[in-house]
S.K.: 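Below are the structure tokens for one structure; questions will follow.
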Number of protein chains: 2
Amino acid sequence: MILKSQVEWALHCCAILSSLPEGRFLSTKALAELHGLPKEYLSKALQSLSHAGLVHTTLGPSGGYRLARPPEQLTFLDVVEAVEGEGPTFVCQNIRANNPCRPQGYCESTPCAIARTMWQADEAWRTALRKVTFAELAKTLEQEVSPQIWAGTFEWVLKRAG
Amino acid sequence: MILKSQVEWALHCCAILSSLPEGRFLSTKALAELHGLPKEYLSKALQSLSHAGLVHTTLGPSGGYRLARPPEQLTFLDVVEAVEGEGPTFVCQNIRANNPCRPQGYCESTPCAIARTMWQADEAWRTALRKVTFAELAKTLEQEVSPQIWAGTFEWVLKRAG
DNA sequence: ATATTACGGATATTGGATATCCCTATTTGG
DNA sequence: CCAAATAGGGATATCCAATATCCGTAATAT
């Protein structure tokens, strides 16, 4: 079980969009160049973000993407679920129903205990992702990334932002 | 990102093996019939458990599988990792290295902050799975499963256990 | 001895992830 | 008003892991 690479792409794109000045937009082309990704395919990931309402878009030259909310209100979970979907990572096929020892047409009152445990772990994963916002990420990045690269990237982005 | 169905199969098989009397073995054939699963393919999942040292096996008629440890010491995480592997669910491709603004050959001191967050969530997931043992599962099942089916299944299993 | 079992290798088959291409509607900038 | 650039979406191709089956081998119980 490995997350799609689009998840990583979307997270990095949102990190960049978090530092974008209010009201400006950054295009797929710029985001693809900045991360060295295939533009057309990255576009699908960004469309997922758009469809989930996490970003706003505009058309035309100087068009592109910006966050739909302040970074304080955008969590890792939002982005992960936008790309991967909101469904549980464990799908219960209810194979207990195949038990030859049970009466025909017998129906369970509760979901399988095994599935419940897997879903609890799934929820723990989501809770951890829900706790981290892109505001916090920006703070961390500002501390960790070399000031030179940080400033250079910011300038690079601003030059291309519509 | 969805877990393999083999994970579900392996968990249910371990649940059955947990209730198996000391020293007895249950075959792939019996486990496949009990859960309505393809015998040959289920065999691969059981081999994963064997390879991870979670179960012991014997050959010949009346051969099969038994747990290698008491259910108190076998966790969901053990089984999930035996089947899914121990690698992280998020793979960092380090796409920040593609940033055109960085100097040639620049090398990061720390892993990407985005990857670290994803790995922390991954660890939260594993921690939740590590907390639940098959002894606890057996307790839950004994409370929830209809006594008639529970007893019938136990008898069914004993009749086939070598 | 025979039947049964775990095990491992080989080999399809399937479906999702990855990736590209092209057309359309829209909007900016000249 | 016009040309260029953009998001969006559909169609398609490719790749790989998950799923599934088959068979040969060694070991073992009866």
Side-chain angles (χ1 to χ4, degrees), chain A residues 1-10 13 17 23-33 35-66 68 80 82-85 87 89-91 93 95 160-162, chain B residues 1-10 13 17 23-33 35-66 68 80 82-85 87 89-91 93 95 160-162:
Chain A
M1 183 191 66
I2 291 183
L3 290 165
K4 308 193 224 190
S5 52
Q6 283 203 350
V7 170
E8 183 180 12
W9 303 358
C13 287
L17 294 180
R24 307 192 59 178
F25 292 83
L26 198 58
S27 69
T28 306
K29 183 159 173 279
L31 287 167
E33 282 177 16
H35 297 110
L37 301 174
K39 173 172 159 294
E40 302 285 351
Y41 192 34
L42 172 63
S43 167
K44 304 296 183 185
L46 296 173
Q47 282 173 39
S48 296
L49 297 180
S50 173
H51 195 261
L54 305 184
V55 295
H56 285 158
T57 67
T58 53
L59 290 178
S62 83
Y65 297 85
R66 68 171 173 85
V80 169
V83 175
E84 279 284 341
T89 60
F90 179 84
V91 175
Q93 308 280 38
I95 59 175
R160 285 158 182 82
Chain B
M1 182 192 66
I2 291 182
L3 289 165
K4 306 193 226 188
S5 53
Q6 284 203 351
V7 170
E8 183 181 11
W9 302 358
C13 287
L17 294 180
R24 305 190 63 178
F25 292 84
L26 198 59
S27 71
T28 306
K29 183 160 175 279
L31 286 166
E33 281 178 17
H35 297 109
L37 301 174
K39 174 172 158 295
E40 302 285 352
Y41 193 33
L42 172 64
S43 167
K44 304 295 183 185
L46 297 173
Q47 282 174 40
S48 296
L49 298 180
S50 173
H51 195 260
L54 305 184
V55 296
H56 285 160
T57 67
T58 53
L59 290 178
S62 82
Y65 298 85
R66 68 172 173 86
V80 170
V83 175
E84 279 285 340
T89 60
F90 179 85
V91 175
Q93 308 281 33
I95 60 176
R160 284 159 182 83

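Note that the structure is a prediction, hence the values are computed from the model and not measured. Naming convention: chains lettered A, B, ... in sequence-line order (proteins, then strands); numbering from 1 in each chain. All values below were derived from every heavy atom in this structure, side-chain atoms included, with hydrogens, water molecules and symmetry-related copies excluded.
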S.K.: Rounded off to whole Å, could you give me the NZ-to-P distance for the A/K44 and C/dC21 pair?
M.R.: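 To the nearest whole Å, that distance equals 13 Å.
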S.K.: What is the distance from CG of B/L42 to C1' of C/dC7, rounded to the nearest Å?
M.R.: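 My rounded result for the distance is 14 Å.
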S.K.: Given 3.5 Å as the limit, does a donor-acceptor pair link the side chain of B/E84 with the main chain of B/K4, or not?
M.R.: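 Answer holds: yes.
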S.K.: Given atom CH2 of A/W9 and atom P of C/dA17, what is their separation to the nearest angstrom?
M.R.: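 Taking atom P of C/dA17 as the reference, CH2 of A/W9 is at 13 Å.
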S.K.: Within the structure shown, what part of the strands sits under 4.0 Å from B/F25 by heavy-atom distance: base, sugar-phosphate, or nothing?
M.R.: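 Result for B/F25 = nothing.
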S.K.: What does A/S43 touch in the nucleic acid at a heavy-atom separation under 4.0 angstrom: a base, only the sugar-phosphate, or nothing?
M.R.: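 Nothing, no heavy atom under 4.0 Å.
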S.K.: Measure from CD on A/Q47 to C1' on C/dT20 and round the result to the nearest Å.
M.R.: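 Value for this atom pair: 14 Å.
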S.K.: OP1 or OP2 of C/dT5 sitting under 4.0 Å from any side-chain N/O of B/T58?
M.R.: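 Checking C/dT5 against B/T58, no side-chain N or O comes under 4.0 Å of OP1 or OP2.
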S.K.: In whole angstrom, give the distance that lies between atom CD of B/E40 and atom C1' of C/dA12.
M.R.: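 Distance, rounded to whole Å: 14 Å.
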S.K.: Rounded at 0.5 Å granularity, tell me how far CG in A/L49 sits from OG1 in A/T57.
M.R.: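 The CG atom of A/L49 sits 11.5 Å away from the OG1 atom of A/T57.
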S.K.: Any chance you could measure B/L17, atom CG, to B/R66, atom CZ, to the nearest 0.5 Å?
M.R.: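 Here the rounded value is 10.5 Å.
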S.K.: What is the 5' to 3' range of DNA chain D, first to last nucleotide, that sits under 4.0 Å from any heavy atom of chain A?
M.R.: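 With heavy atoms of chain A under 4.0 Å away, the range is D/dA4 to D/dG10.
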S.K.: Start with the C-alpha gap between A/E33 and A/K39, add the side-chain angles, then the distance that decides, and say whether side chain to side chain contact (heavy atoms under 4.5 Å, CB included) holds.
M.R.: CA-CA 8 Å; A/E33 282 177 16; A/K39 173 172 159 294; over 6 Å; no
S.K.: Counting any heavy atom closer than 4.0 Å, what does A/G162 reach on the DNA or RNA strands: base, sugar-phosphate only, or nothing?
M.R.: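 Here A/G162 touches no strand at all.
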S.K.: For B/P61 and for A/P61, find the nucleotide of DNA chain C with the closest heavy atom, then tell me which residue's nucleotide is more 5'.
M.R.: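 Nearest nucleotide further toward 5': that of B/P61.
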S.K.: Grab the CG-P distance between B/L49 and C/dG8 for me, whole Å please.
M.R.: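 In whole Å, C/dG8 P lies 13 Å from B/L49 CG.
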S.K.: Compare the minimum distances between each of C/dT28, C/dT20, C/dT27 and the side chain of A/P38, then state the nucleotide with the smallest one.
M.R.: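 Closest nucleotide among those given: C/dT20.
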S.K.: Could you check whether any side-chain N or O of A/H51 sits under 3.5 Å from a backbone N or O of A/Q47, counting only pairs where one atom can act as donor and the other as acceptor?
M.R.: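 It does not hold such a pair.
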S.K.: Between B/K39 and B/E84, name the one whose nearest nucleotide on DNA chain D is closer to the 5' end.
M.R.: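 Its nearest nucleotide lies further toward 5', so the answer is B/E84.
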S.K.: When the distance from OH of A/Y41 to P of C/dA17 is rounded to whole Å, what number comes out?
M.R.: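 Between P of C/dA17 and OH of A/Y41: 8 Å.
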S.K.: Under the side chain to side chain contact (heavy atoms under 4.5 Å, CB included) criterion, do A/T28 and A/Y65 qualify, and how do the steps go?
M.R.: CA-CA 8 Å; A/T28 306; A/Y65 297 85; 3.3 Å; yes
S.K.: Using atom CG of B/L3 as one end and atom P of C/dG15 as the other, report the distance to the nearest whole Å.
M.R.: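 The distance from CG of B/L3 to P of C/dG15 comes to 20 Å, rounded to the nearest Å.
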S.K.: Could you tell me whether a side-chain N or O of A/E8 sits under 3.5 Å from a main-chain N or O of B/Q93, the two making a donor and an acceptor?
M.R.: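 Side chain of A/E8 to backbone of B/Q93: a pair is present.
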